[in-house]
Amino acid sequence: MSVETQKETLGFQTEVKQLLHLMIHSLYSNKEIFLRELISNASDAVDKLRFEALAKPELLEGGSDLKIRVSFDKDAKTVTLEDNGIGMSREETIAHLGTIAKSGTADFLKNLSGDQKKDSSLIGQFGVGFYSAFIVADKVEVFTRRAGLSAGEGVHWASKGEGDFEIATVEKAERGTRIVLHLKSGEEEFADGWRLRNVIKKYSDHIGLPIELPKEFHGEEKDKPAEPEWEVVNRASALWTRPRTEVTDEQYQEFYKHVSHDFDNPLSWSHNKVEGKLEYTSLLYVPGRAPFDLYQREAPRGLKLYVQRVFIMDQADEFLPLYLRFIKGVVDSNDLSLNVSREILQKDPVIDSMKSALTKRVLDMLEKLAKNEPEQYKTFWKNFGQVLKEGPAEDFANKEKIAGLLRFASTTEGEGEQVVSLGDYVSRLKEGQDKIYFLTGESYAQVKNSPHLEVFRKKGIEVLLLTDRIDEWLMSYLTEFDGKSFVDVARGDLDLGSLDSEEDKKAQEEVAKSKEGLVERLKTALGEQVAEVRVSHRLTDSPAILAIGEQDLGLQMRQILEASGQKVPDSKPIFEFNPNHPLIEKLDAEPDEDRFGDLSHILFDQAALAAGDSLKDPAAYVQRLNKLLVELSA
Ligand code: ADP
């Protein structure tokens, strides 16, 4: 045992304590994954060393035979993993193995339910990494030394996975990290060559560097050599460099877990080798679930970048647009230089063409998923639909393609679920229909009975119901699909074009003429509140409706802007009334201008309520209504 100096005991960050506790209890049924996680870390550490050694070859300290070794001791009940990667300094060890740097972690953990089954699937999306060692070990020791530091600057970290860990400075001759797991009683099965080999084959075969186990020794105990012979148990070639036909689905899935730190399988992947003017290989995955920090600005995103098989950086986010930030995977380029930096990536025209090709790949992959696996696509849409909706604004060139991937609720299908594609909609157009009609609102419950839909119901025309917060904003970027333009049914003077017959139109004109007097009276009564008053052709059951001016902000946008503290330009609605409604007939016949005024205001306020808006003066509404009720019962 070497001498330990500067020994101290430090507490884990609260989040680590919570995570450890949860993990030990909820991941128990899947405990062998600890090996996958530790090997994944070791492989990353070797990748980092290789990268740093490009600029500083002395970091290799003469040893460029990079590998991971897994050994075990049945008697001591230990499993040991050793890598000769980048290692950690004392400060790094404290930071990496005592805290969780991801922002939003505390909130995420707070939201866990305590229900072990549910939590274990949530924890998977979070990624537990190193701490998973404590699923099978009641004590974990780490011996590590950062490449480039002297042998005297080794670190010994030890913890029982409870509240704290010990850290000391020790002598460590070789760079890299050795992790010793002291197995819990009941977990001795892992101190076994056969078991370890199987787990490694199952989860880590895709790792691009050799993973070695001691060779089984069959002779007499007295002849056993002090140093075991080692044998490589994995395939040890980077998975994406292999031809597609030689990679099984399971291998693709395990590789996904390595690059994404996700516990679950991806929904889909696309593996491509591009040759020609540009040469690169990409392996892109659609995850099965949204990570908890999908909407966080600083959340990790982007692909793992390799140049000629050498790892260059994680989270290279220059290769995909923001609206595809949920895609995980690897891109390995032959054209970039090994000393490429983020600054260079941002300027390099090669990156631009790779970005547009990769974007297209992802959109194609999603199209295929939608077509061939509709159920899987539903899952995709639930998780990432909102993000994809950012697409039309960000990526003008692919607008039509993205639009085809969107899913909406509609008046004819799905009962509020977003399952209707624009392609579906267009395939069901009514004779004479050349527009795509939609209505935005706060919730399905609110819009599904909106008076704006009455005429469409009567004529059997489908209307898309858009109730996500960003839908109105989205629709400001989508002007047409498949040559059909979009029409917001709550906006402007609804013109149904050839969906209205010549007779309909004639009748409408006549009614409008006959109600000119009423229009004028209403204008006077409602005054400043309205931009215009007119006879409606879109109502069958409701007395009146408020339409939004063609150029005005809709309710959603107004609410978003108001919530963000911006000043919203004042806009007045158009008051449309249903000439055939008994209330309107009554109104028309009302000789008393005071009562006429009260009734008009009530109709106006009701129309605002039906549109999901709040009243400017609710007390006045109640007063007027009560006055009428009293008169009614008198
Ligand atoms: P993650 O791998 O998701 O970042 P982990 O908890 O698994 O989270 O690991 C935390 C950090 O500890 C890693 O990001 C890495 O910096 C460091 N680390 C873990 N294992 C090793 C290792 N074998 N060699 C060097 N650094 C390591």
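Computed from heavy atoms alone, side chains included, the values below leave out hydrogens, waters and symmetry copies. Counting starts at 1 for both ligands and their atoms, in listed order.
- Listed by chain and residue number, nothing satisfies the ring-ring contact (aromatic ring centres under 6.0 Å, His included) test with Phe319 (two or more places apart in sequence, or in another chain).
- Under 4.0 angstrom from ligand 1, the non-hydrogen atoms of His261 all belong to its side chain.
- Between Trp269 and Phe255, the distance from one ring center to the other does not fall under 6.0 angstrom.
- Considering backbone and side-chain N/O of Asp83, one or more are found under 3.5 Å from N/O of ligand 1.
- Using modelled atom types, one finds a donor on one side chain and an acceptor on the other under 3.5 Å when comparing Glu32 with Tyr203.
- You'll find the side chain of Met354 reaches within 4.5 Å of the side chain of Ser333, heavy atoms only.
- Considering backbone and side-chain N/O of Met88, none are found under 3.5 Å from N/O of ligand 1.
- With atom 25 (C) of ligand 1 as the reference point, the heavy atom nearest to it among Ser40, Ala45, Gly98 is part of Ala45.
- Of all the listed residues (Arg178, His96, Lys48), His96 holds the heavy atom that lies closest to atom 11 (C) of ligand 1.
- Within ligand 1, the atoms closer than 4.0 Å to a non-hydrogen atom of Gly129 are 7 (O), numbered from 1 in the order shown.
- Taking 4.5 Å as the limit, some side-chain heavy atom of Lys355 sits within range of a side-chain heavy atom of Pro321.
- Of the heavy atoms in Thr144, none comes closer than 4.0 Å to ligand 1.
- Looking at Asn84 and Glu174, their side chains never come closer than 4.5 Å, going by heavy atoms from C-beta outward.
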